[in-house]
Colleague: 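Here you go, one structure.
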Amino acid sequence: MEYQPRPIEQKWQKHWEENDTYKVSNDSNRPKYYVLDMFPYPSGAGLHVGHPLGYIASDIYSRYKRLKGFNVLHPMGFDAFGLPAEQYAIDTGIRPAVSTDKNIVRYKEQMSNLGFSFDWSREVKTCDPNYYKWTQWIFTQLFAHYYDQAADKALPIEDLVATFEQEGNANVKAATTQTEAFSAAAWNAMSEKEQRDVLMNYRLAYREIGYVNWCEELGTVLANDQVKDGISERGGHPVVQKAMPQWNLRITAYADRLLYDLETIEWSNALKTMQSNWIGRSTGAQMFFNVEGNDDQIEIYTTRPDTIFGATYMVLAPEHELVAKLTTAEQQKDIDDYLAYSQARSEIDRMSDKQVTGAFTGAYAINPFTGKKVPIWIAEYVLISYGTGAIMAVPSDDERDQRFAEKFGLEIIPVVDKSDYPGATLDDKVGEIINSDFLNGMEVKEAIVEMNKRVEEMGIGKAKVNYKLRDAGFSRQRYWGEPFPIVYDKNGFAEALPLDQLPLELPETEDFKPGKGGKSPLSRLDAWVTLENGYTRETDTMPAVAGSSWYYLRYMDPNNPAAFASQESVNYWQDVDLYVGGAEHAVAHLMYARFWHKFLYDKGLVPTNEPFKKLINQGMIQGVIEFAYYQKSTGQFISEELIADYEGEDIAQMPVHIDFVTDYGSDKSYLSEEGIEQFKNWRPEYKNAEFVTTEDSDRFYTKSEVGKMSKSKFNVINPDLVIEEHGADVFRMYEMFLGPIEASKPWDTQGITGVSKFMRRFWNLFFTNEQFTISEEAANKAELKVLHATIKKVTEDIERFSFNTCVSAFMEVSNDLRKMKCNKRSVLEPLTILLAPFAPYVTEELWQLLGKEGSVHHASYPTHDESYLKEDEIEYPISINGKKRATAMFPSDASKEDIEKAALEIEGIQKWLEGKTVRKIIVVPKRMVNVVIG
RNA sequence: GCCUCGGUGGCGGAAUUGGUAGACGCGCUGGAUUCAAAAUCCAGUUCUCGCAAGAGAGUGGGGGUUCGAUUCCCCCCCGAGGUACCA
């Protein structure tokens with residue numbers, strides 16, 4: 001019987017669904033194991049071949065763990081709130097809820113074709129009110145707590161109020177933006193507004209003025225990636241930074257725990273380093289510089305207080321509050337021009353640009369140690385969001401300060417002598433201090449300690465730990481997100497809604513355009529916004545990271561109406577044992593989820609300190625656009641069949657780089673000369689094609705293809721089509737075979753034939769003359785050796801997530817058995833189980849043909865026996881001076897001396913020894929021999 | 001710019017602890033089968049020179065450590081991801 005994948009796959013897919021084969025119970029005496037995929041955003045483009053890579057890997061691992069006897073939780077859901085659905089709604093009038101649901105249906109269909117063992121009864125959607133009820137609830141809890149640094153955990157805000165009433169804030173150690181101290185009397189004398197404002201400075205969810213990308217022409221707030229070079233991507237209008245009140249989460253309160261707990265989890269060092277750098281803990285000094293001629297002080301933060309004698313000027317971020325005040329009349333124009341320039345630039349623009357820019361305010365500060373006047377500049381290399389938004393510049397000992405000083409002709413005083421440290425860079429905290437009065441002769445490290453002491457004694461500052469990590473901006477002026485569970489009373493005081501008023505459902509509307517002044521579309525829904533007694537609702541919504549910060553907990557108990565998950569379920573599943581997802585989430589999502597988890601841990605609601613024990617980043621599959629067409633209006637390559645519900649963001653992510661030019665005047669894009677070259681390199685079959693655009697349509701074609709349009713359109717590789725042709729088992733194995741799970745690699749449809757061939761050959765091992773034939777004869781030594789070598793190899797490789805080499809091993813064993821003409825049950829049956837995690841359908845069919853009861857996926861995993869793998873003889877490479885000159889077989893138990901002696905007598909070695917002296921012979925048993933001659 | 005990762009045949013990749021570089025597959029070349037093609041099967045395939053035996057070179061570039069380096073160290077080049085409102 002010929003191997004025909006589709007009928008087999010359809011048969012078993014139906015069977016599994018009808019029999020709840022993958023349903024998971026929270027009640028089991030087997031050990032638990034939780035395998036989680038990062039849930040997808042359901043885009044209109046559907047699943048492409050890049051998506052399933054991680055899902056296949058996690059499915060293989062889940063199935064492997066099940067065969068090994070674990071109770072495996074392996075769920076899937078949808079990160080369903082987000083900007084693309086809203087943009088699509090603005091463009092088409094189709095409600096986000098409708099388009100999102102449609103996309104989800106499509107995703108689920110595609111995923112079930114792939115044979116994943118998800119327990120779909122546990123599906124979660126972040127846009128489902130039954131789900132976001134708890135997202136909102138967690139937010140209200142963050143609002144109702146502060147971070148107590150003495151207890152090192154979150155505590156209720158009422159506790160804090162009680163303390164304030166008793167003793168003020170002098171003894172409170174908390175993560176706060178409150179700078180002023182107050183006594184109990186002062187607290188009790190405060191107005192309600194003052195008290196509320198103070199508490200806002202302590203809450204873990206708090207409201208504060210923040211900056212957004214504002215585009216006046218579009219009347220809307222833009223995401224960073226919708227802005228390029230200070231211009232909106234759509235329409236090419238100018239974008240500026242606008243101050244607006246925003247909700248924030250005080251993630252910085254958890255900075256130290258987020259940093260130190262990295263040591264307790266099994267993530268790659270690369271990822272931990274990235275997280276740790278993102279947190280960016282540094283110890284330094286906070287210091288105040290007096291401004292000449294008035295009472296203002298400039299607060300700076302420096303990790304190098306020891307270099308203060310070299311501080312010859314100061315730099316403020318352009319947004320710094322003192323800029324307007326300090327600027328002198330003569331310098332006003334320079335500063336205004338510079339502010340206009342810098343306002344239009346994003347942080348990335350500012351940091352990635354090598355140009356040195358800045359402007360002089362005309363004002364001077366006093367260096368507290370030299371007593372000298374130092375000019376105050378503004379420059380975009382100082383960021384308002386890091387430290388205090390102001391620096392003392394030491395051009396002799398900081399590269400950026402140095403370039404700045406050189407360009408603007410500012411004084412440079414060397415203060416660190418690094419001549420004892422050849423090769424040390426400016427960044428290295430080493431050297432001997434010079435030109436620095438009482439610090440002269442000290443080593444940098446000593447000098448830092450001494451300076452911190454002096455600064456504190458003089459009362460001009462203190463030692464301080466600083467973090468690059470910033471609080472999370474949590475407000476979006478958008479429709480398609482969770483409404484904040486916040487109302488404002490007639491005084492404008494924020495109050496959180498109690499649980500019995502949750503979920504606060506997102507109201508329906510047909511109008512998704514931004515509201516006045518960049519407010520959320522919700523602000524227009526007066527009936528929804530306005531409540532009794534002068535209360536009004538918050539009209540901003542939460543960002544997509546909200547829903548994804550805790551979804552892994554909901555899978556444990558997805559339908560619970562009374563809690564985000566029952567305590568029993570959380571205590572049973574504990575945490576995620578293996579988390580698989582893209583490296584693009586390596587920092588932000590993982591940081592927020594860890595933060596929320598720690599908060600819930602502080603509240604005693606989860607039993608673990610960290611949510612994700614082990615984490616694997618899958619790479620991207622590149623070049624996934626097989627056939628696409630180019631749409632001039634959007635400048636994107638997209639697929640014909642998906643044009644109806646095209647949203648674009650997935651395509652934009654695809655790492656195929658075809659340069660095209662956008663003409664902002666006409667708002668049209670077209671391929672550049674260079675782009676056509678790149679395109680031809682990428683698709684050599686178009687090498688001789690003539691490229692034209694047609695005026696009547698919005699599309700770009702190659703001229704040679706105009707005749708046969710249906711084939712000329714380019715198409716996103718849709719897994720459905722590949723599965724239709726080769727079967728899901730082959731598709732799964734091919735994706736794994738492409739390369740290491742963590743690497744990015746290109747998709748090449750041609751290569752799938754190799755895996756297809758393997759699958760047919762494997763299948764044919766069970767058939768003789770088209771008849772299923774299995775031999776009950778005992779296996780011979782050679783057969784047992786390949787079987788057990790394969791069990792060993794595949795098992796070890798699964799454990800280290802090296803699935804591509806597993807596929808190679810399966811190919812090898814099937815080639816070997818084919819040559820041996822082996823169709824013995826004792827060999828093929830364990831191999832069928834071994835292959836089951838990779839090719840779940842075909843192995844299920846073969847299992848049935850083998851006459852076995854039940855599912856192969858509930859079988860027991862085979863173990864290898866080392867005794868079958870023993871070699872009598874080992875082939876040794878014999879090298880002369882490290883260069884291989886011969887090989888020889890030696891008994892596996894041969895002694896070093898015997899090998900040494902025998903190696904020198906080999907003919908191919910002898911000729912190299914003529915006229916030379918053997919200086920040394922290195923024999924590594926079971927490995928190699930190296931003869932050193934001279 | 002900064003942080004992280006990566007660079008191995010024509011292509012995807014393998015080499016798990018410093019020990020035979022190129023497993024496995026695609027592609028390509030030759031052969032069998034076929035009226036022919038597809039499919040299938042067999043053999044070969046890092047590059048250079050050579051009929052061959054063999055020799056030389058070789059893991060982005062340069063340098064170093066070592067008996068021995070794709071693997072460890074230093075410098076440089078190139079690519080990818082992230083850079084806080086894409087998800």
Side-chain angles (χ1 to χ4, degrees), chain A residues 38-41 43 79 81-84 210 212-213 221-227 246 251 268-278 280 346-354 381 385 399-400 423 468-478 543-545 548 582-589 591-592 617 619-620 622 649-650 652-653 655 734 737-740 742-748 750-755 757-758 760 796-797 800 802 804-805 807-812 815 875-879 881-884 886-887 919-922 924 926-933:
Chain A
M38 288 185 187
F39 61 171
Y41 175 78
S43 91
D79 191 11
F81 275 133
L83 207 48
V212 295
N213 300 311
V221 172
L222 296 174
N224 284 342
D225 70 333
Q226 296 174 318
V227 184
Q246 309 272 312
I251 188 173
S268 69
N269 284 331
L271 194 52
K272 288 186 188 180
T273 309
M274 257 193 271
Q275 289 236 331
S276 143
N277 289 340
W278 179 269
S346 72
E347 273 186 28
I348 294 174
D349 289 341
R350 290 187 184 191
M351 288 184 289
S352 53
D353 207 333
K354 282 181 182 168
Y381 78 92
S385 49
E399 215 180 296
R400 286 167 309 178
K468 281 210 184 83
L469 182 70
R470 310 205 292 255
D471 282 345
F474 218 59
S475 287
R476 300 292 182 271
Q477 293 72 37
R478 308 275 177 197
V545 290
S548 61
E584 66 272 23
H585 300 286
V587 185
H589 157 64
M591 196 70 81
Y592 295 133
N617 282 132
M620 265 201 234
Q622 301 167 314
E649 80 296 332
D650 261 41
Q653 279 182 15
Y734 183 54
F737 186 58
L738 280 173
E742 305 206 70
S744 292
K745 55 247 162 189
W747 173 267
D748 167 26
Q750 219 174 19
I752 202 168
T753 55
V755 176
K757 200 189 282 176
F758 151 75
R760 275 197 305 276
E796 285 174 0
D797 285 1
R800 67 187 179 103
S802 176
N804 56 331
T805 52
V807 178
S808 298
F810 282 122
M811 287 174 170
E812 280 176 274
N815 287 342
E875 191 190 29
Y876 281 75
I878 319 290
S879 301
N881 285 350
K883 184 127 189 105
K884 189 180 84 175
T887 59
R919 301 203 182 275
K920 198 174 178 183
I921 302 178
I922 290 144
V924 181
K926 298 186 180 173
R927 285 275 185 208
M928 47 66 69
V929 178
N930 189 20
V931 182
V932 185
I933 60 171

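The figures that follow rest on heavy atoms only: side chains count, while hydrogens, waters and symmetry mates do not. By convention in this document, chain letters (A, B, ...) are assigned in the order of the sequence lines, proteins followed by strands, and residues within each chain are numbered from 1.
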Colleague: The side chain of A:Pro740 is closest to which nucleotide in this list: B:rA23, B:rA14, B:rC26?
Modeller: B:rA14

Colleague: B:rG25, B:rG81, B:rA23: which one has an atom nearest the side-chain heavy atoms of A:Phe737?
Modeller: B:rG25

Colleague: Roughly how far, to the nearest 0.5 Å, is CD1 of A:Ile921 from CG of A:Asn930?
Modeller: 9.5 Å

Colleague: So which nucleotide from B:rG19, B:rG27, B:rA84 ends up closest to the side chain of A:Thr753?
Modeller: B:rG27

Colleague: Closer than 4.0 Å, any side-chain N/O of A:Asn815 to the OP1 or OP2 of B:rG25?
Modeller: yes

Colleague: Can you check whether A:Arg927 has a side-chain N or O nearer than 4.0 Å to OP1 or OP2 of B:rU17?
Modeller: no

Colleague: Starting at the 5' end of RNA chain B, write a dot or bracket for each base, bracketing those in Watson-Crick or G-U wobble pairs whose two distances are under 3.5 Å and using | for partners on another strand.
Modeller: (((((((..(((......[....)))((((((.......))))))((((....))))..(((((..]....))))))))))))....

Colleague: Hey, does the side chain of A:Asn804 come within less than 4.0 Å of B:rC24's phosphate (OP1/OP2), counting only N and O?
Modeller: no

Colleague: Rounding to the closest angstrom, what is the interatomic distance between B:rC77 and B:rU20 at atom P?
Modeller: 33 Å

Colleague: Anti or syn, where syn is a glycosidic angle within 90° of 0; which label fits B:rG9?
Modeller: syn

Colleague: Working to the nearest 0.5 Å, report the span between CG of A:Leu271 and NE2 of A:His585.
Modeller: 12.5 Å

Colleague: Rounded to the nearest Å, what distance is computed from the OH atom of residue A:Tyr41 to the P atom of nucleotide B:rC86?
Modeller: 13 Å

Colleague: Quick check: on RNA chain B, is the nucleotide nearest A:Met928 upstream (toward 5') of the one nearest A:Ala270, or the reverse? Name the residue that is more 5'.
Modeller: A:Ala270

Colleague: With RNA chain B as reference, determine whether A:Gln477 or A:Val931 sits nearer its 5' end, using the nearest nucleotide of each.
Modeller: A:Val931

Colleague: Starting from P on B:rC24, measure out to CE on A:Met811 and report it in whole angstrom.
Modeller: 11 Å

Colleague: Can you check whether A:Lys883 has a side-chain N or O nearer than 4.0 Å to OP1 or OP2 of B:rG56?
Modeller: no

Colleague: Measuring from A:Tyr592:OH to A:Phe474:CZ, what's the distance to the nearest 0.5 Å?
Modeller: 8.5 Å

Colleague: Roughly how far, to the nearest 0.5 Å, is OG1 of A:Thr805 from CD of A:Glu796?
Modeller: 10.0 Å

Colleague: Please determine if a side-chain N or O atom of A:Arg800 lies less than 4.0 Å away from the OP1 or OP2 oxygen of B:rU16.
Modeller: no

Colleague: Tell me if a side-chain donor or acceptor on A:Arg478 pairs with a main-chain N or O of A:Pro543 at a distance below 3.5 Å.
Modeller: no

Colleague: Would you mind reading off the distance between A:Glu875 atom CD and B:rA21 atom P, rounded to a whole angstrom?
Modeller: 12 Å

Colleague: Would you kindly check whether a donor in the side chain of A:Gln246 faces an acceptor in the base of B:rC85, or vice versa, at under 3.5 angstrom?
Modeller: yes

Colleague: Quick one: does A:Met811's side chain get under 4.5 Å of A:Val755's, heavy atoms only?
Modeller: yes

